[in-house]
Undergrad: 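After the structure tokens below, expect a handful of questions from me.
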Amino acid sequence: MVDAARARKIADRIQRVVAEMLDRRIKDPRLGFVTVTDARITADLRDATVYYTVFGTPEEKAGTSAALESAKGVIRSEVGRQTGIRHTPSLTFVVDEVQENAQHIEELLAKARQSDEEVAQRATGARHAGEADPYRAPRPEAEDEDE
């Protein structure tokens, strides 16, 4: 086991190596416009997960996923060569869905703003259904009757 700071440094190095490999050395025609967003490695440095985003249609995304799986061995050997650690970690490529989640949250916030505006419009000319002061205050007549 290694400390968390060293594991983070190795994960950052893996992210840079993978991004560089995809940019310069991997020439698969199925590979779309890929951005490596993050890399995480286990504490024992045996498994690394590389997160990426792809722009395009679902078919292009599937092609990019297949291209990454087929190039995994070449990328792993380069990661091992450039990191210099004893055991080269196995790589797992995972589609990072941060962009889709952020877009979904933005849509939900826009709907909430629109709903708030509609409620505010309805409330502009509204009046209370009952009295203006719904709490009953003691009345002077009630005091006179008790005597």
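Every value quoted in this text rests on a predicted model; they were computed, and no experiment measured them. Start at 1 with the first residue, then count along the sequence.
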Undergrad: Verify salt bridge (Lys or Arg N to Asp or Glu O under 4.0 Å) between Glu107 and Arg113, making sure each step is shown before the conclusion.
TA: CA-CA 10 Å; Glu107 290 170 359; Arg113 275 189 224 105; over 6 Å; no
Undergrad: Where is the tightest heavy-atom contact between Gln82 and Val17, given as atom of each residue plus distance?
TA: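 Taking every non-hydrogen atom into account, OE1-CG2, 3.2 Å.
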Undergrad: Tell me the ring-ring contact (aromatic ring centres under 6.0 Å, His included) pairs involving residues 33-78, sequence neighbours left out?
TA: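 As it turns out, the ring-ring contact (aromatic ring centres under 6.0 Å, His included) pairs with a partner in residues 33-78, which skip direct neighbours, are Phe33-Phe55.
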Undergrad: Please tell me if the side chains of Asp3 and Arg6 come closer than 4.5 Å, counting only heavy atoms from C-beta onward.
TA: yes
Undergrad: Using the side-chain contact (heavy atoms from CB on, under 4.5 Å) rule, pick out the option among Ile85, Val18, Ile10 that qualifies with Val79.
TA: Val18
Undergrad: Rounded to the nearest 0.5 Å, how far does CG of Leu108 lie from NE2 of His104?
TA: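 Those atoms lie 4.0 Å apart.
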Undergrad: Checking side-chain polar atoms at under 3.5 Å, does Arg30 have a donor or acceptor matched by the opposite partner on Ser70?
TA: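 There is such a pair between these side chains.
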Undergrad: Over all heavy atoms of both residues, which pair between Asp28 and Ala67 is shortest? Give the atoms and the distance, please.
TA: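 Heavy atoms of Asp28 and Ala67 come nearest at OD2-CB, 3.4 Å.
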Undergrad: State, yes or no, whether a side-chain contact exists between Thr88 and Arg46 at a heavy-atom distance under 4.5 Å.
TA: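 Heavy-atom side-chain distance check fails, nothing below 4.5 Å.
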Undergrad: So which atom in Lys61 and which in Val54 form the shortest heavy-atom distance, rounded to 0.1 Å?
TA: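 For Lys61 versus Val54, the nearest heavy atoms are CE-O, 3.3 Å.
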Undergrad: Could you tell me whether the side chain of Ser65 reaches within less than 4.5 Å of the side chain of Val95, counting heavy atoms only?
TA: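 Contact flag for Val95/Ser65 side chains = no.
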Undergrad: Ignoring hydrogens and geometry beyond distance, is a side-chain donor-acceptor pair present between Thr42 and Asp47 at under 3.5 Å?
TA: no
Undergrad: Do side-chain atoms of Glu60 reach the backbone of Thr57 as a donor and acceptor pair under 3.5 angstrom?
TA: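 Yes, the answer is positive, given that a donor and an acceptor are paired below the 3.5 Å cut-off.
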Undergrad: Strictly by modelled atom types, are Thr53 and Asp96 linked by a side-chain donor-acceptor pair under 3.5 Å?
TA: no
Undergrad: Do Arg40 and Asp38 come within less than 4.5 Å of each other through their side chains, counting heavy atoms only?
TA: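 Yes - at least one pair of side-chain heavy atoms lies under 4.5 Å apart.
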Undergrad: Would you mind reporting whether Leu22 and Ile75 have side-chain heavy atoms less than 4.5 Å apart?
TA: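 Side chain of Ile75 against side chain of Leu22, heavy atoms only: contact under 4.5 Å found.
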Undergrad: Tell me, do Val50 and Val36 make a side-chain contact under 4.5 Å, heavy atoms counted?
TA: yes
Undergrad: Any chain of hydrophobic side-chain contacts (each under 4.5 Å) joining Val94 to Val98?
TA: no
Undergrad: Hey, could you give me the CD1/CZ distance between Ile41 and Arg13, rounded to the nearest 0.5 Å?
TA: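 Atom-to-atom, Ile41:CD1 and Arg13:CZ are 13.0 Å apart.
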Undergrad: With a cut-off of 6.0 Å (strictly less than), are more than 12 heavy atoms of other residues, nucleotides or ligands near CZ of Arg8?
TA: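 Yes, CZ of Arg8 has more than 12 neighbouring heavy atoms, counting only those of other groups under 6.0 Å.
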Undergrad: Should Lys72 and Glu78 count as an ion pair when the cut-off is N to O under 4.0 Å?
TA: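 Looking at Lys72 and Glu78, the cut-off is not met.
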Undergrad: With rounding to the nearest 0.5 angstrom, report the CD to CD distance, Glu117 to Gln114.
TA: 7.5 Å
Undergrad: With rounding to the nearest 0.5 angstrom, report the CD1 to CZ distance, Ile14 to Arg76.
TA: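 So the CD1 of Ile14 and the CZ of Arg76 are separated by 10.5 Å.
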Undergrad: Which value, rounded to the nearest 0.5 Å, describes the distance between Thr37 atom OG1 and Gln99 atom CD?
TA: 9.0 Å
